[in-house]
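Structure, as structure tokens:
Order of the sequence lines fixes the chain letters, A, B, ..., with proteins taken first and strands second; residue numbering starts at 1 for each chain. Both backbone and side-chain heavy atoms feed into the values below; hydrogens, waters and symmetry mates do not. Keep in mind that this is a model prediction, so the values were computed, not measured.
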Amino acid sequence: MLKGGRGLERQVSLRSGARVEDALGSLGHDVIPIDVGAGLVAKLKAERPDVAFIALHGVGGEDGTVQELLEILRIPYTGPGVRACMRSIDKVAAKHELRAAEVPTPDFAAFNALAFRELGAAETLEQIEATLGFPLVIKPAAGGSSLGVRFAASADEVPQALVAAFSYDDRVLIERHVEGRELAVSLLSGITLPAVEAKPREEDRFSYEARYEIGRTEYICPADLGAAEGLVIDAALRTWDALGFDGFGRVDIILGEDGPQVLEANAIPGLTDTSLLPMAAEAAGISFERLCERLIELALERDGARSMDAPA
Amino acid sequence: MTEPSERPGSAPIPTTRSQRRSHTRARDLVRYADLFADRTKVMRSSAMRDLMEITARPEVISLAGGLPDTSTFPPQSFAAQMTRIAQESSAEALQYGPTEGFERTKDCIREVMRAEGMDPDPDDIIITTGGQQAIDLVAKILINPGDPVICEGPTYPGAVPVFCAYEADVHQIEMDEEGLRVDLLAEKVDRLEREGRRPKFIYTVPTFHNPGGVTMSAERRAQLVALARERELLVIEDNPYGLLRYEGQASDPLYKLDGGDYVIYLGTFSKILSPGIRLGWLCAPPPVMEKVVLGKQASDLCTSTLAQYFVAEYFGEGRWREYIHDLCSIYRRRRDAMLDALRRHFPEEATWTEPEGGLFLWATLPSYIDTTDLLAKALRENVAFVPGAAAFVDGRGGSSMRLNFSNSSEEELHEGIERIGNVVAEQVELYRSITGEHEVQPAPPAEPGSVLPFPPRDDR
């Protein structure tokens with residue numbers, strides 16, 4: 001049970017980890033909780049677990065780093081593999097993949113800090129703003145929480161929003177803001193679970209923080225998507241394929257006038273009491289214990305398939 | 001695999017801790033969400049909370065806390081006092097005590113208050129579980145939902161959740177180098193009056209303000225007390241740091257100036273002895289005290305008897321002033337180290353206050369830097385501070401920060417400030433490269449040793 005870590009999403013990860021740990025314990029598994037830090041590899045080598053359950057979020061845990069180590073140590077692990085993690089943690093890379101696979105995603109531009117410092121990227125801002133139109137959403141490329149995500153309603157709000165986003169990552173994404181319903185489609189083994197709709201209170205419409213607080217956002221599951229349901233499911237499935245997901249994942253979608261647009265995908269969605277994937281699983285009749293058990297089965301199956309592929 | 005493997009509602013009643021936790025379902029959350037009182041919705045942002053938790057990592061130089069340095073308190077003395085209590089008053093010290101607190105301990109409080117020129121009647125004193133409970137009790141007995149409450153902007157970050165929990169309508173009044181702008185306060189009271197409203201109280205930390213680092217001038221104190229009398233307003237004077245003075249001349253506390261009619265006084269042993277004993281107090285006129293006692297009974301019946309015995313024993317030794325004197329000389333050096341480091345490592349656009357005492361100073365960066373975001377960046381360099389937004393209810397303070405100098409060594413203070421200075425410099429450079437702004441607009445130059453003008457209203 002890998003949890004914690006040193007990233008900004010440590011607290012969420014600890015909450016996910018605690019819940020999974022309890023579920024696995026009640027299923028009769030022998031769970032070794034590891035707060036991921038400098039001694040990780042030594043600990044894994046000493047314990048030689050049958051499978052690693054990864055409940056790490058954000059940089060370090062969701063970006064392929066830990067997955068790579070587990071591959072080297074030949075320990076099966078839950079959730080997507082290295083490639084999918086690398087592609088999804090970086091929102092810019094993910095959007096390029098989505099574009100290539102013709103999955104609808106809002107228009108965007110991306111920069112690293114170097115482009116501003118050394119290449120005079122500031123001079124392209126006006127053009128970007130004209131192309132994308134206001135309001136813009138500016139976010140750090142990495143990271144899955146609300147930290148550093150800002151709306152910019154006009155050009156003079158852009159520099160400050162960029163400075164904020166660059167506090168979290170060297171790369172930022174400037175995206176056209178799409179009006180519409182906010183949906184989270186979770187997937188388990190490539191099958192979509194019922195969509196969760198987030199309805200923020202009117203005054204929190206432009207607050208990303210509100211999405212993470214009980215009481216400030218209403219969640220509806222299953223969301224009533226009407227005729228758009230097929231398109232939403234299709235967008236989620238194609239995202240899963242485009243990013244090479246495996247095990248589980250969550251795709252965040254805006255359902256606007258022009259149909260669904262994919263914002264981002266999370267390789268290791270939250271598993272806390274208030275997280276959306278467990279909520280969706282439950283709506284499909286899958287208990288949290290069953291969900292955890294299933295993720296372990298999938299990890300072992302993937303490992304088994306790989307062993308068969310391996311040259312004798 | 002999507003067929004129901006467990007029908008919702010049919011699960012057995014969970015019995016173990018782990019079962020209870022993992023059986024929390026989405027619909028339970030919705031059910032709880034409907035049950036929560038409206039006042040829980042004003043809880044502080046989760047993002048900042050998560051960041052603040054990271055500041056506790058051992059490798060982080062934290063200038064974020066408000067901790068006094070308890071490492072200099074002699075353990076032998078602690079052991080001797082506790083032993084004496086066990087030998088001489090074991091049964092009493094383990095028993096409940098009066099809600100108002102023990103007379104012996106009140107005598108210690110009077111000694112402390114006399115050191116600042118006050119002499120309250122013992123009946124006007126109630127001993128509380130830390131100064132924090134004193135704030136809570138005042139709010140509990142005075143605030144109806146929607147009632148206006150006035151405090152400084154910035155205000156003590158720990159007071160914000162208290163006022164919010166009682167659903168106060170919090171108004172924050174600017175400060176300058178002389179503390180609370182009493183002229184603006186009077187305007188605010190007028191404005192509220194025109195709406196047919198009256199502030200329930202004015203909460204202030206006049207001496208070594210947390211987080212502002214400024215001290216209210218004698219003139220302002222007189223104005224504030226006069227305004228309170230004239231308009232019959234209650235002033236809550238929170239004075240945790242008054243005895244931690246490193247230079248300059250003390251002004252009279254508001255409580256002394258007013259004589260205790262319109263000023264309710266809050267004190268604490270946290271910064272002059274120990275925050276771990278959770279002992280504070282409140283002085284109020286009898287009609288207010290009556291309600292405070294009822295409120296305290298409902299909260300926790302009485303303050304820790306053992307802690308009160310400990311304070312009485314400690315004061316009996318007669319060395320409490322000496323200990324404060326020792327603390328002051330340590331903190332003075334640390335404050336000087338922080339100010340020195342700020343001058344060296346903060347960009348010229350930054351301003352900060354130069355406190356004559358207390359534990360904190362308040363630094364303000366260019367308005368385009370959000371200190372909550374900056375904290376995320378600073379944490380990667382293993383240094384932490386409190387983002388200014390925590391000291392406001394209205395979104396101001398976004399480019400300011402509170403810096404604590406009492407609980408880090410001089411070396412750590414230098415190192416910590418240098419690291420913060422570096423991340424600030426990076427943000428300044430980045431902003432300039434984005435806006436193409438290369439002209440530097442320097443802040444008014446700081447004269448060494450002077451108190452810088454308190455930053456005006458943030459423009460967010």
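Between Arg150(A) and Asp370(B), the shortest heavy-atom contact is NH2-OD2, 2.9 Å. Residues Tyr368(B) and Gln160(A) approach most closely at O-CG, 3.3 Å, considering heavy atoms. Annotation for Leu430(B) and Arg117(A): closest pair CB-NH2, 4.1 Å, computed over non-hydrogen atoms. Closest approach of Ala122(A) and Ser433(B) over heavy atoms only: CB-O, 3.2 Å.
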Please set out all donor-acceptor pairs under 3.5 angstrom arising from side-chain atoms of residues 378-390 of chain B, sequence neighbours excluded.
unit_1	atom_1	unit_2	atom_2	d
Arg380(B)	NH1	Ser167(A)	O	3.4
Arg380(B)	NH1	Tyr168(A)	O	3.4
Arg380(B)	NH2	Ser167(A)	O	3.1

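Here the CD1-CZ distance, from Ile434(B) to Phe111(A), works out to 9.0 Å after rounding to the nearest 0.5 Å. Going from atom CD of Gln427(B) over to atom CG of Leu162(A) covers 11.0 Å, rounded to the nearest 0.5 Å.
For Glu59(B), the side chain to side chain donor-acceptor pair (under 3.5 Å) partners two or more places apart in sequence, or in a different chain, are Arg6(A), Arg57(B).
Atom CG of Asn144(B) has more than 12 neighbouring heavy atoms from other residues, nucleotides or ligands inside a 6.0 Å radius. Summarising the local packing, CD of Glu123(A) is surrounded by 12 or fewer heavy atoms from other residues, nucleotides or ligands at distances under 6.0 Å. Within a 6.0 Å radius of CD in Glu301(A), other residues, nucleotides and ligands contribute more than 12 heavy atoms.
For Glu426(B), the parts lying under 4.5 angstrom from a heavy atom of chain A are both the backbone and the side chain.
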